[in-house]
Peer 1: 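I am attaching a structure below and will ask some questions about it afterwards.
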There are 4 protein chains.
Amino acid sequence: MSNRKEEILEKSIELFNEKGCIATSTRHIADALGISVGNLYYYYKNKEEIIIAIYEEFMNTLSGQLSTVREDIDSSFDFYLFLEEHMELEKKYRFFRLEMNAIIQNHPKQKEKLELGIVKKSQEFRNLYSHQMKYGYLKKLDESELDFIRSNTWIIGSQWEIYWILKKVENEKLRRIKGILNILYFIKPYLTKKGLEESNLLESIDYLKKEISDVK
Amino acid sequence: MSNRKEEILEKSIELFNEKGCIATSTRHIADALGISVGNLYYYYKNKEEIIIAIYEEFMNTLSGQLSTVREDIDSSFDFYLFLEEHMELEKKYRFFRLEMNAIIQNHPKQKEKLELGIVKKSQEFRNLYSHQMKYGYLKKLDESELDFIRSNTWIIGSQWEIYWILKKVENEKLRRIKGILNILYFIKPYLTKKGLEESNLLESIDYLKKEISDVK
Amino acid sequence: MSNRKEEILEKSIELFNEKGCIATSTRHIADALGISVGNLYYYYKNKEEIIIAIYEEFMNTLSGQLSTVREDIDSSFDFYLFLEEHMELEKKYRFFRLEMNAIIQNHPKQKEKLELGIVKKSQEFRNLYSHQMKYGYLKKLDESELDFIRSNTWIIGSQWEIYWILKKVENEKLRRIKGILNILYFIKPYLTKKGLEESNLLESIDYLKKEISDVK
Amino acid sequence: MSNRKEEILEKSIELFNEKGCIATSTRHIADALGISVGNLYYYYKNKEEIIIAIYEEFMNTLSGQLSTVREDIDSSFDFYLFLEEHMELEKKYRFFRLEMNAIIQNHPKQKEKLELGIVKKSQEFRNLYSHQMKYGYLKKLDESELDFIRSNTWIIGSQWEIYWILKKVENEKLRRIKGILNILYFIKPYLTKKGLEESNLLESIDYLKKEISDVK
DNA sequence: TATGAATGAGAGTTCATTCAT
DNA sequence: CATGAATGAACTCTCATTCAT
């Protein structure tokens, strides 16, 4: 991909995260890059294309980062590592989570793309939970309950930030730590004794709690 | 409050839920009410004022509906009743949840109001959980964990819909049922044996699962 | 209709005739009237609506002016009077004839309207010719020939101007006289002896020829 | 002329006829040819130049095809052959007829070129009619009438298509046949008895009428 | 109270044209 | 010859807001 095309994407992400996707006009982006609007439209035929391209970039990074649980190996999942990576990604593309519904309303094409994303994520969670259940790290749950745990994982994992914004946690890093804790605490009650002992979930929680007081 | 002022609020809520808060123009609202734009601005000095007024209405309804757990009485919480009421309210003001961030970006004043709301809700959850813990319906949890359970309750309780929209559940009622199940399943692992036996949580889950297959 | 709405129409017609319909932007119109673009769009929701409104005005004037041949009365048609009126109308809305195809390409909705217009005009010519044939002013022609005479009448009657523009007849009035002569001469060979004697066609031709030399 | 230059012309004609001259951008042309815009501008310094070049090509073809009536030979004109050729040419450059006025408005330089074209055509018609009159195929007409018959020939011969488009004749070939009939019927009343008997005009009409019913 | 005409900034987008390479 | 990135003006259209009546 040409450099300029990539630049536009990066600057767009930056501005979208800063001022919101809808509130950022194509002129804003062009100005921020010091190029003409015409030039912007040379690379992307409309604003929606930019959003789609960003989402595709996001999805690709997602794929590369997919949890590496191996079906045949009995090992506890490294929650901390996974969430750190997950959060890093979510950070870069946070405007998606935050404006998801408004984006859908404005750009119907984008909806389909987002739907694909959710399917992918769901699949990932399902694999992960099944694996951990199989080897006794996770309590046995029926299909229906598992289904809702998966959806709750997605909801918490992608919508935590708005809560901490409204709770006036201004520091971005702090917010992110709290977001990770949201997920860790959410998972905790589903772990078996073995799970609690052999995974790093509890340690991770302790570590992050210390981080919070350090930041403060 | 004058009748006309109230009418504007109701019609605005209706339109915001239908087409989105940002996508609904002041002209839309005026037209839908059969009044002039000028008249609209006579009652509310700008669009933000309308949103704020709606939020205030929301908060007032919230207060009137606050959980009626009584500190001194040993009784299990009626989850089903509570959530039904909660969801009824959320339904009426769903555009808030769905466009929260975009609203904040466009209307900074509104942010403060929303912050107040979250404090209120948190307080409510805290009271509820403490009470249930005291009488042994809920497992004992340390302060920190309880904090995150409260935030998770808020996150799930207010952000579930976007998930089911993206999962292509088109039927609104169905979505709402699934939303309730999200919360019920979330709470479940925190219940003690006594809690499970004496509360109506499990029955509620069963009931709603049946409802889902009926709708289908 | 409000005054302003009418003003916009009149000014639009003026500019469309002057600089062409496609070359005239909504800003041009607004500027020429000394109003804001927003105000223009308050009256017409887009440019196409303006064009449609103009065409409707044109069609209405047309209806009011429809040839008054009376089926049951044996009288020669007053060519001169008819064409004078016809040309006056065509003059006001000349941009339609001149840019017809470009308008169609840009505004598909407009095509249907124009189609209706042609049907109306065709009908009128048919009535006229039939009547004149019945009373022996016009030579007897078979259905097929009559059909093509009708279409030729339309073509000459609405497309004459481009010819005289290209022939460098700069004077608008002169062009219009020549346009009338185009039609009169076109009709001439279809008249019977009776038609030539009793109608004012030949006199009209003479009169207009004199007018031309006077203008020069 | 270089091959590439010719290619650009041909593709432009194709696109202009398809989507309209104004609606076709320089980028469209370049893309359709698989070359760059810059390259297009290397061959033609602007869009107008392309249009002018097309018109010149048109005029050249016209010259090569000029009616071969020989002053000194008494022979009836072959209407059918002439019109078939004429229509073939008109078909290739139909966008000129259809967008003539819009082109003039957008490209003033082009006007002069078009004016030359009309002079040429007029001359041709004059020669033709004079010749046929001299040998008694055409009725004797005074100078003035002849002048208007020439202009009417041009008007019908170049503006027939818009009528049939608006009459919803979608089939291009059918439209062209009707266009030829427009001209043949137009000429018919000017033919003498000798002209009707010895020319192929009447046969041509019959032939084309049959063609129309065949296409249907 | 109520009207609705008017404003003006700004949105997304297109396009002929230029020019360094 | 050829590329294609870059420009900038112009286009259509929207919308929150104001204000004379």
Side-chain angles (χ1 to χ4, degrees), chain A residues 2-5 7-8 22-31 33-50 106-107, chain B residues 2-5 22-31 33-50 106-107, chain C residues 2-5 7-8 22-31 33-50 106-107, chain D residues 2-5 22-31 33-50 106-107:
Chain A
S2 99
N3 228 33
R4 183 46 61 88
K5 212 172 174 182
E7 265 171 59
I8 292 171
I22 291 154
T24 303
S25 73
T26 48
R27 244 185 202 85
H28 281 145
I29 302 168
D31 284 355
L33 282 164
I35 63 170
S36 66
V37 218
N39 198 205
L40 185 79
Y41 276 87
Y42 176 77
Y43 290 99
Y44 296 95
K45 79 171 203 282
N46 53 43
K47 195 181 173 184
E48 196 161 8
E49 287 253 307
I50 297 178
N106 272 281
H107 306 285
Chain B
S2 95
N3 226 33
R4 182 49 60 89
K5 223 173 163 178
I22 294 158
T24 302
S25 70
T26 47
R27 224 193 179 188
H28 272 140
I29 301 169
D31 284 356
L33 280 164
I35 64 170
S36 66
V37 217
N39 201 204
L40 189 78
Y41 274 82
Y42 174 81
Y43 290 101
Y44 297 94
K45 81 170 203 281
N46 53 41
K47 197 181 174 184
E48 194 162 9
E49 289 258 302
I50 297 177
N106 273 283
H107 307 285
Chain C
S2 99
N3 228 35
R4 184 47 60 88
K5 215 172 172 182
E7 264 171 60
I8 292 171
I22 292 154
T24 302
S25 74
T26 48
R27 238 186 204 83
H28 282 145
I29 301 169
D31 285 354
L33 282 164
I35 63 170
S36 66
V37 215
N39 198 205
L40 186 79
Y41 276 87
Y42 176 77
Y43 290 99
Y44 296 95
K45 78 173 204 283
N46 52 44
K47 196 181 172 184
E48 196 161 8
E49 288 252 306
I50 297 177
N106 273 281
H107 306 284
Chain D
S2 97
N3 224 32
R4 180 50 58 89
K5 222 174 163 181
I22 295 158
T24 302
S25 70
T26 47
R27 224 192 179 188
H28 272 142
I29 301 168
D31 284 356
L33 281 164
I35 64 168
S36 66
V37 218
N39 200 202
L40 189 77
Y41 275 82
Y42 174 80
Y43 289 100
Y44 296 95
K45 81 170 206 279
N46 53 41
K47 198 181 172 183
E48 194 163 7
E49 289 258 302
I50 297 178
N106 273 284
H107 307 285

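Labels below follow one simple rule: chain letters A, B, ... track the order of the sequence lines, proteins then strands, and each chain is numbered from 1.
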Peer 1: For C/Glu48 and F/dC11, what is the distance between atoms CD and C1' respectively, to the nearest whole Å?
Peer 2: 15 Å
Peer 1: By the 4.0 Å heavy-atom rule, please label C/Arg4 as base, sugar-phosphate, or nothing.
Peer 2: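 Answer is sugar-phosphate: C/Arg4 comes under 4.0 Å of backbone atoms only.
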Peer 1: Counting just side-chain N and O atoms, does C/Asn39 come under 4.0 Å of either OP1 or OP2 of E/dA5?
Peer 2: no
Peer 1: Would you say D/Tyr44 and D/Thr26 make side-chain contact, with heavy atoms under 4.5 Å?
Peer 2: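 Heavy-atom side-chain distance check fails, nothing below 4.5 Å.
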Peer 1: Categorize A/Ser25 for me: base, sugar-phosphate, or nothing, with a 4.0 angstrom heavy-atom threshold over every strand shown.
Peer 2: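 Sugar-phosphate, backbone atoms only, no base.
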Peer 1: Just checking B/Asn46: base, sugar-phosphate only, or nothing, at a heavy-atom cut-off of under 4.0 Å?
Peer 2: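 Touches sugar-phosphate only.
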Peer 1: Between D/Arg27 and C/Arg27, name the one whose nearest nucleotide on DNA chain F is closer to the 5' end.
Peer 2: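 Going by which nucleotide is closer to the 5' end, it is D/Arg27.
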Peer 1: Looking at A/Asn39, A/Leu33, A/Leu40, which one forms a side-chain contact (heavy atoms from CB on, under 4.5 Å) with A/Ser36?
Peer 2: A/Asn39
Peer 1: Taking only N and O in the side chain of D/Ser36, is any of them less than 4.0 Å away from OP1 or OP2 of F/dG4?
Peer 2: no
Peer 1: Could you give the OH-to-P distance, from C/Tyr41 to F/dT14, as a whole number of Å?
Peer 2: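 After rounding, the gap between these two atoms is 8 Å.
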Peer 1: Rounded off to whole Å, could you give me the OH-to-P distance for the B/Tyr44 and E/dA2 pair?
Peer 2: 13 Å
Peer 1: Mind checking C/His28 for me? I need base, sugar-phosphate or nothing, with any heavy atom below 4.0 Å counting as a touch.
Peer 2: sugar-phosphate
Peer 1: Rounded to the nearest Å, what distance is computed from the CG atom of residue C/Asn3 to the C1' atom of nucleotide E/dG4?
Peer 2: 15 Å
Peer 1: Could you check how far CG of B/Asp31 sits from C1' of E/dG4, rounded to whole Å?
Peer 2: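 Distance, rounded to whole Å: 11 Å.
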Peer 1: Could you check whether any side-chain N or O of A/Lys47 sits under 3.5 Å from a backbone N or O of A/Thr24, counting only pairs where one atom can act as donor and the other as acceptor?
Peer 2: yes
Peer 1: Who does F/dT14 pair with, Watson-Crick or G-U, both distances under 3.5 Å?
Peer 2: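 With both distances under 3.5 Å, F/dT14 matches E/dA9.
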Peer 1: Let's test this: given Watson-Crick or G-U wobble pairing with both distances under 3.5 Å, identify the partner of F/dA20.
Peer 2: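 WC or wobble partner is E/dT3.
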Peer 1: Between P on E/dT14 and NZ on A/Lys47, what's the gap in Å once rounded to a whole number?
Peer 2: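 After rounding, the reported distance stands at 15 Å.
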Peer 1: Nearest-Å distance, OH (D/Tyr43) to P (E/dA16)?
Peer 2: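 It is 20 Å, rounded to the nearest whole Å.
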Peer 1: Is there side-chain contact between B/Arg4 and B/Ile35, with heavy atoms separated by less than 4.5 Å?
Peer 2: yes
Peer 1: Under the rule for salt bridge (charged side-chain N to carboxylate O under 4.0 Å, His left out), what residues qualify as partners of B/Arg27, not counting sequence neighbours?
Peer 2: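 Applying salt bridge (charged side-chain N to carboxylate O under 4.0 Å, His left out) to B/Arg27 gives none.
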Peer 1: Using atom CD1 of B/Ile22 as one end and atom C1' of E/dG10 as the other, report the distance to the nearest whole Å.
Peer 2: 16 Å
Peer 1: Please figure out whether D/Ala23 or B/Leu40 has its closest DNA chain E nucleotide nearer the 5' end.
Peer 2: B/Leu40
Peer 1: Does the side chain of B/Tyr42 get closer than 4.0 angstrom to OP1 or OP2 of E/dT1 through an N or O atom?
Peer 2: no
